[in-house]
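FYI, side chains are in, hydrogens and waters are out, and symmetry mates aren't considered; it's all heavy atoms of this structure. Quick note on labels: first sequence line is chain A, next is B, and so on, each numbered from 1.
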Amino acid sequence: MAKQQTFYITTAIDYVNAKPHVGHAFEKTITDTIARWQRLQEKDTYFTTGVDENAQKNVQAAEKKGVSVKKFIDTNTAAFQELCAKLNVSEDKFIRTTAKEHAIVVKEILEKIRKKKDIYKGTYEGLYCVGCETYYTEKELIDGKCPEHKKEPEKRTEEAYFFKLSKYEKQLLKIIPTYVTPPTRANEVMERIKKDGLTDICISRKGAQWGIDFPNDPEYKVWVWIDALINYISGLEEKEKKYWPAQVHVIGKGINWFHSVIWPALLLSAGYKLPEKLVVHGYLNTDGEKISKSLGNVIDPLTLLEKYPADVVRYSFLRCSVFEDTDYSEELLITRNNSELANKLGNLVSRVSTLAETHGLTKVKPLETKKVIAQVTRAFESYQTDKALATIFAFIDSLNELIQKAKPWETKDTKVLYQLADGIKTAAILLSPFMPATSEKIATTFHFELTKKQLESPLAVHKIKKASILFQKIDMVNKTTISPSTYKKEEVKTMKNPPISSISDTRKGDVISNTSDTKAHKQTAHEIKREEKQAGKISYDDFSKVELKVGLIKDVKPHPNADKLYVLTVDLGEDTPRTIVAGLRNHYQPEHLKGKKALFVANLAPVTLRGIESNGMILAAVNDDDSHVVILQPEQDIPPGSKIR
RNA sequence: AGCGGGGUAGAGCAGCCUGGAGUGCUCGCGAGGCCCAUAACCUCGAGGUCGUGUGGUUCAAAUCCCACCCCCGCUACCA
């Protein structure tokens with residue numbers, strides 16, 4: 001007998017410096033659906049998901065909250081586990097990278113790479129700001145100075161461990177086109193390799209306190225990305241032999257580079273087989289609509305799951321395109337629940353089960369379903385769960401048409417009722433990876449099992465009882481609204497980032513990132529700010545230091561090197577007009593500013609912004625999330641240069 | 001500016017990879033049918049220069065290639 005085929009599938013592991021957001025839920029749902037489909041195909045499936053707990057940023061985030069790092073990650077990890085449970089995610093293992101077993105595997109693999117002579121000690125040279133205790137890339141500097149301290153950083157070198165990524169350039173270029181899907185994501189990476197080439201990457205962090213020790217050199221920690229990627233192997237534990245290589249890694253587009261390039265290179269070096277497919281999904285765009293942005297609606301998946309059944313939430317994700325970015329909103333969920341789940345599927349099951357209860361079923365040749373099954377199978381082969389779902393719902397539509405045409409309530413045609421019931425069986429089994437609980441309910445009503453075998457054989461006739469309501473309709477008014485204050489802006493930003501870590505710091509492979517300790521500084525800055533707030537008041541003397549004047553905007557030009565900035569030419573009643581840079585481009589058209597009088601700060605120290613020196617500042621009123629910006633103007637006409645007191 | 005996504009009916013989308021009559025889906029609108037079902041379901045209809053190019057390739061372009069315009073996201077910038 002042939003050995004049962006295995007199927008190993010993973011999600012990316014999530015970065016736990018904040019609570020889970022819809023993107024995480026989206027990825028888990030897609031991956032879970034593929035895993036369940038493979039199980040339905042009778043493959044021996046292993047599915048892992050989990051969290052990346054070793055990132056340096058956790059240290060800072062924890063300190064900010066005033067809790068220990070361990071406690072901080074435990075709390076957030078629990079939220080991710082809760083998400084999986086409530087979403088009905090069927091993972092076989094939830095990985096935590098702080099687990100001892102994980103660290104052991106990381107060390108083993110690094111040892112293999114070292115033996116291959118792909119690790120060497122070199123010197124990292126970078127621009128170091130003493131105040132921040134961190135390295136900056138030239139791109140991050142403003143005017144050649146540290147953005148926090150406005151001081152020029154010094155050139156510093158330190159010893160570090162490097163991985164010979166460059167060695168694998170040719171091999172990678174060869175494998176990426178077949179490994180990475182969709183092709184645009186493969187091209188993206190190929191282009192970058194061809195353009196910039198691959199340089200060796202620094203894989204150690206000196207003096208970091210959080211993370212996995214570098215083998216044989218406790219002065220260093222392993223760079224978090226290396227540690228994170230290895231979860232795909234460490235998560236298998238003793239099952240490694242059985243399941244590796246993975247069939248699929250599902251990841252978000254933001255972390256494509258790490259999975260397309262660094263991960264296979266590490267595996268090649270360590271002598272592992274490569275995973276078969278990297279499925280790179282797009283993002284759910286939750287503030288695509290301006291309306292929800294101004295309302296401050298942040299869609300929290302755990303809140304959604306409290307309000308709506310898991311299957312409804314899952315369905316709302318799974319209808320979104322896997323590969324493209326999609327706008328996602330709670331309205332969308334409600335519309336889909338009502339018109340697709342309740343009206344189409346739910347209502348169909350309800351009608352057929354009621355009619356079957358009163359009239360019974362007579363076994364005849366079922367409807368043709370091979371085509372639908374083949375189409376769904378094909379969609380799964382290319383990991384387009386959204387297409388698979390659309391195909392199933394087109395089939396459900398055809399059942400609705402059939403019942404309407406055949407009018408079994410009039411004809412009492414139990415043969416048609418059988419065909420409908422058999423069709424529902426097919427739909428329910430095909431839907432079981434998407435909405436497991438719903439399929440289970442339908443299976444109970446019509447007496448079948450959610451197996452491959454029953455998918456391919458006609459429905460056995462049983463006495464049917466009317467089904468209970470599958471999907472309740474949702475009132476639009478009941479929509480969840482979360483006030484902006486629930487989430488700090490900063491948090492939302494991090495959450496929108498791809499699960500593991502930031503990309504910018506590895507852009508050129510010259511990585512000692514700015515993730516290392518800026519905390520000392522940041523904390524003091526924070527304290528100062530807080531003190532200022534507590535004091536809250538300034539003296540008149542302080543106020544009088546600010547020189548406010550009326551200015552006439554004589555000209556408005558877009559900043560040549562920045563999207564959000566205008567360069568204003570302003571008459572402040574002086575001999576020559578001043579150049580003032582203002583961030584108004586998203587809020588005003590040039591013609592609405594030109595010729596107007598507005599209020600300016602006249603004695604602000606000049607600053608160069610993206611290459612243009614600004615000599616003052618325009619005053620504007622701003623709402624909470626900066627979405628609405630209004631310039632201040634004198635109520636009546638008054639000459640430029642007039643003072644404001 | 002860098003990277004990414006998009007522009008298809010009043011709104012939101014699919015179709016594009018692999019070219020074959022503007023085909024389809026959800027919402028909305030108009031008319032009708034049905035009375036089994038969750039006020040659901042079914043049929044028909046109105047509504048389109050498929051962003052622009054009187055650009056290229058082709059017998060044939062929403063689809064492939066080129067140029068341009070606009071929108072959105074992330075990052076930078078809001079003195």
- request: Mind calculating the distance between NZ (K387(A)) and C1' (rC17(B)) to the nearest angstrom?
  value: 9 Å

field: Euclidean distance for C1', rC13(B) against rA62(B) (whole angstrom)
entry: 15 Å

Base-pairing mate for rG28(B) - Watson-Crick or G-U, with both contacts under 3.5 Å: none

field: d(CZ, F471(A); C1', rU38(B)) in whole Å
entry: 12 Å

query: If you look at every strand shown and take non-hydrogen atoms under 4.0 Å, does G282(A) touch a base, only sugar-phosphate, or nothing?
result: nothing

task: For residues L341(A) and Y315(A), determine if any side-chain heavy atom of one lies less than 4.5 Å from a side-chain heavy atom of the other.
output: yes

task: Please determine if D386(A) and R319(A) form a salt bridge, counting it only when a charged side-chain N lies under 4.0 Å from a carboxylate O.
output: no

- request: Hey, which sits more toward the 5' end of RNA chain B by its nearest nucleotide, Q384(A) or M617(A)?
  value: Q384(A)

- prompt: Atom CD1 of I334(A) and atom P of rG12(B): how far apart are they, to the nearest Å?
  reply: 18 Å

message: Rounded to whole Å, please give me the gap between CG in N256(A) and C1' in rC74(B).
response: 15 Å

query: For the residue pair F317(A) and Y328(A), is the inter-centroid distance of their aromatic rings smaller than 6.0 Å?
result: yes

Side-chain heavy-atom pair H281(A), S321(A) within 4.5 angstrom cut-off: no

Rounded distance (Å) that lies between atom P of rU75(B) and atom OH of Y283(A): 10 Å

message: Suppose you measure atom P in rU63(B) against the same atom in rG56(B); what distance do you get, rounded to whole Å?
response: 14 Å

task: Identify the nucleotide, in any strand shown, that forms a Watson-Crick or G-U wobble pair with rC59(B), with both distances under 3.5 Å; if there is none, say none.
output: rG20(B)

- prompt: How would nucleotides 39-46 of chain B be written as a contact map, 5' to 3', with B for base contact, S for sugar-phosphate-only contact and - for no contact, using protein heavy atoms under 4.0 Å?
  reply: -SBSS---

Between rG24(B) and rA9(B) - C1' atom distance, rounded Å: 13 Å

message: Between rC70(B) and rU57(B), how far apart are the two C1' atoms, rounded to whole Å?
response: 27 Å

- request: May I have the distance from I464(A) (atom CD1) to rC36(B) (atom C1'), rounded to whole angstrom?
  value: 16 Å

- prompt: In whole Å, what separates the P atom of rC66(B) from that of rG5(B)?
  reply: 15 Å

message: I'd like the P distance from rC17(B) over to rG12(B), given in whole Å.
response: 25 Å

- prompt: With a 4.0 Å cut-off on heavy atoms, is V352(A) in touch with a base, just the backbone sugar-phosphate, or nothing at all?
  reply: nothing

query: Between Q419(A) (CD) and rC36(B) (P), how many Å, whole number?
result: 22 Å

task: Pick base, sugar-phosphate or nothing for L609(A), based on heavy-atom distances below 4.0 Å to the nucleic acid.
output: sugar-phosphate

- prompt: Among rU38(B), rA37(B), rU26(B), which is the nearest nucleotide to the side chain of T354(A)?
  reply: rA37(B)

- line: Of rC35(B), rA79(B), rU38(B), the nucleotide closest to the side chain of E410(A) is rC35(B)

message: What's the gap between rA21(B) and rU38(B) when it is taken at their P atoms, as a whole Å value?
response: 42 Å

query: Is it the case that more than 12 heavy atoms not belonging to Q472(A) sit under 6.0 Å from its CD atom?
result: no

field: Inter-nucleotide C1' distance (rG28(B), rA46(B)), Å rounded
entry: 13 Å

- prompt: Between rA79(B), rU38(B), rG4(B), which one does the side chain of K466(A) approach most closely?
  reply: rU38(B)

task: Could you check which of rC34(B), rA37(B), rA79(B) has an atom nearest any side-chain atom of K407(A)?
output: rC34(B)

- request: Please say whether more than 12 non-hydrogen atoms of neighbouring residues, nucleotides or ligands are located less than 6.0 Å from NZ in K415(A).
  value: no

message: Under 3.5 Å for both donor-acceptor distances, Watson-Crick or wobble: does rU49(B) have a partner, and if so which one?
response: none

- prompt: Would a 4.5 Å heavy-atom cut-off, applied to side chains only, mark P408(A) and I403(A) as touching?
  reply: yes

message: Considering every strand and a 4.0 Å limit on heavy-atom distances, what is the contact class for L470(A): base, sugar-phosphate, or nothing?
response: base

query: Is any side-chain nitrogen or oxygen of R185(A) closer than 4.0 Å to OP1 or OP2 of rG5(B)?
result: yes

message: Both distances below 3.5 Å, Watson-Crick or wobble geometry, any strand: find the nucleotide opposite rG4(B).
response: rC72(B)

query: Any side-chain heavy atom of I644(A) within less than 4.5 Å of one from F600(A)?
result: no

field: Beyond-backbone contact of K441(A) with M435(A), side-chain heavy atoms, under 4.5 angstrom
entry: no

Separation of rA14(B) P from F323(A) CZ (nearest whole Å): 14 Å

